[in-house]
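What you are looking at is a predicted structure, and each value in this text was computed from that prediction instead of being measured.
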Number of protein chains: 2
Amino acid sequence: MIEHEHLRHLEAFARYGTLSKAAEELHISQPTLTRSMQKLEDEIGVPLFLRTKNHLEFNANGELAADYARRILEQTDSMVERVRALDRAGRTISIGSCAPMPMLTAVRNATHLYPEMTISSECRDCEPLIEGLRSELYQIIILPYRPEDKDLYIQKTETETLFFAVPSGHRFAGSNGIYMKEMDGENMLLYSDIGFWHSLPREKMPHSRFLVQTDRFAFEELMSSSILPCFVSDIALADNWNSADRVLVPILDPEAKVTYHMVCLKKTLSKVRKLFLSVI
Amino acid sequence: MIEHEHLRHLEAFARYGTLSKAAEELHISQPTLTRSMQKLEDEIGVPLFLRTKNHLEFNANGELAADYARRILEQTDSMVERVRALDRAGRTISIGSCAPMPMLTAVRNATHLYPEMTISSECRDCEPLIEGLRSELYQIIILPYRPEDKDLYIQKTETETLFFAVPSGHRFAGSNGIYMKEMDGENMLLYSDIGFWHSLPREKMPHSRFLVQTDRFAFEELMSSSILPCFVSDIALADNWNSADRVLVPILDPEAKVTYHMVCLKKTLSKVRKLFLSVI
DNA sequence: ACAAATTACGTGATGCGTAATCATA
DNA sequence: TATGATTACGCATCACGTAATTTGT
């Protein structure tokens, strides 16, 4: 029987050129390697080495055997890796989302519906999300539009609408709707963790400067204590909203309102069906 | 460390469905298999089976692992097989020939020039010879013509000419050359082991019956004691010829004289160069 | 003299089979 | 009751490392 460990030894010899060096690298004794190589030759039944009293090198047989050993070891490592990955995948639901708000909703639902599962979630742009879904890095992704593909199972979920939150003394405080370009040039507070929304303000308001806050507490503190306008969404409002003496002004640009779609591969649907049913 | 033997056990379980059956087939005890499977799970770090108290079956991880095991075992078996084949090839010169006479010459030379090598030889038709050369089943082949290919190294060797050997009383005994068709219809003795020559008489003399002798002794005995004409070649004559009261009549058909060519792949030439040099 | 491979030798780990146990069909 | 999986246990094997040997640089 060919021993797997002997193949490791063979491969190490191929890499390091001498048994001594290989033994050192493998943290085993030199005689052990000598014996491993002898066992291999014995097992296969042909010489693998050219021997002189204190030198050892491959003959043609050995070269071929080392090639095979390399491939077999790769396969074995790949087996361990892939089986572990499969196991992990079986115990995990991975959710990728274009924005944090619908992701939170999905994670909340998933946690309740699959209490024994690990729920992993992250925000990414739409393209990597779709690629990730196809490569099964994600089982579920949430997009701000309906993708067209017959391999995908798609379910409309919530909508999110963006507003300006301006101090009560602001020039638009009394308005019942403005376009973003009307606000262009005015500096604004901006929270960083807003997913795909990050591009919209920069596109529509190229002359504004955005004071990006990565910390939620800092952002809310500044919202109370400064007169800089900022964005808020209706979903975020539902969560918690300390009015902070600010007025909401609807944004009239159509891009300010999106409908989220929860998407999975049709072949994966069975695994996450409960989650899709829960949002109907 | 993943043990190769454990993969064999896994594969056996996949094939036979229960540990008991697999243990029986592998001629080992049931507990050994239990332990092997436990070791594998331990090694990979994930469960591979669905266990009920007296039943064991794969889960998804196990199915995947078994797939890999199958491939790894195939590769390992293939390694042993191919390394052994390479070793054998390194100790063997395989000669394929279209006819026995030039083959004997080549085997004689090879035996002298490579006394430590095994010389294997066989007669085949030209097409399988060329295929066999390309697949390295043969290192050297001998053809009755010059093949055209730049991957081949070619050396003219001997020529062989065919004669009729007729009893001295035969109607052509005095002739100094006839065409085969002139002999058509007359029954003849024919020795079976004549390589590619076998088709020529049947083609040119479709009305003759050939009394094929597979045994050399029987053939020679009949040549002495019967009045049936037969074929002989100049090379065969050189070996031994008991005239046996027979007259040689040259055959005028051009196909009755061939020039043999010894052929090898250019990339194999170094291994057999001495043999090619010896015939110049 | 040093480095590399191999052989000798004693010891500890380990992996086997037998036997016992448990559970299910 | 029979079959299949697992655990317990004792024993023999075997594979390791240390030490000694040989040989070539």
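- Rounded to whole angstrom, the span from the CZ atom of Phe13(A) across to the C1' atom of dA4(C) amounts to 11 Å.
- Checked for salt-bridge contact, Asp42(A) and Arg35(A) miss the test: no charged N lies under 4.0 Å from a carboxylate O.
- Summarising the geometry, the separation between CG on Leu33(B) and P on dC16(C) is reported as 9 Å, rounded to the nearest angstrom.
- Taking every heavy atom of residues 51-67 of chain B and every atom of DNA chain D, pairs under 4.0 Å involve Arg51(B), Lys53(B), Asn54(B), His55(B), Leu56(B), by number.
- Between Arg124(B) and Glu122(B) there is a salt bridge, since at least one side-chain N of the basic residue sits less than 4.0 Å from a carboxylate O of the acidic one.
- The aromatic rings of His4(B) and His4(A) sit parallel to each other, their planes meeting at less than 30°, with 60° as the upper class boundary.
- Proximity of Ser20(B) to the phosphate of dA5(D): a side-chain N or O atom is located under 4.0 Å from OP1 or OP2.
- Between the side chains of Thr268(A) and Glu136(A), no donor N or O sits under 3.5 Å from an acceptor N or O.
- Atom CZ of Arg8(A) is surrounded by more than 12 heavy atoms from other residues, nucleotides or ligands within 6.0 Å.
- When the P atom of dT6(D) is taken as reference, atom CG of Asp42(B) falls 14 Å away, rounded to whole Å.
- In summary, the aromatic rings of Tyr145(B) and Tyr260(B) are positioned with their centroids too far apart to meet the 6.0 Å limit.
- At most 12 non-hydrogen atoms from other residues, nucleotides or ligands lie less than 6.0 angstrom from CZ of Arg91(A).
- Comment: Arg70(A) engages Asp67(A) in a salt bridge, judged by a side-chain N to carboxylate O separation of less than 4.0 angstrom.
- The separation between Met1(B) atom CE and dG15(C) atom P is 13 Å, rounded to whole Å.
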Reading 5' to 3' through nucleotides 7-18 of chain D, protein heavy-atom contacts under 4.0 Å coded B for base, S for sugar-phosphate only, - for none: BB------SBBB
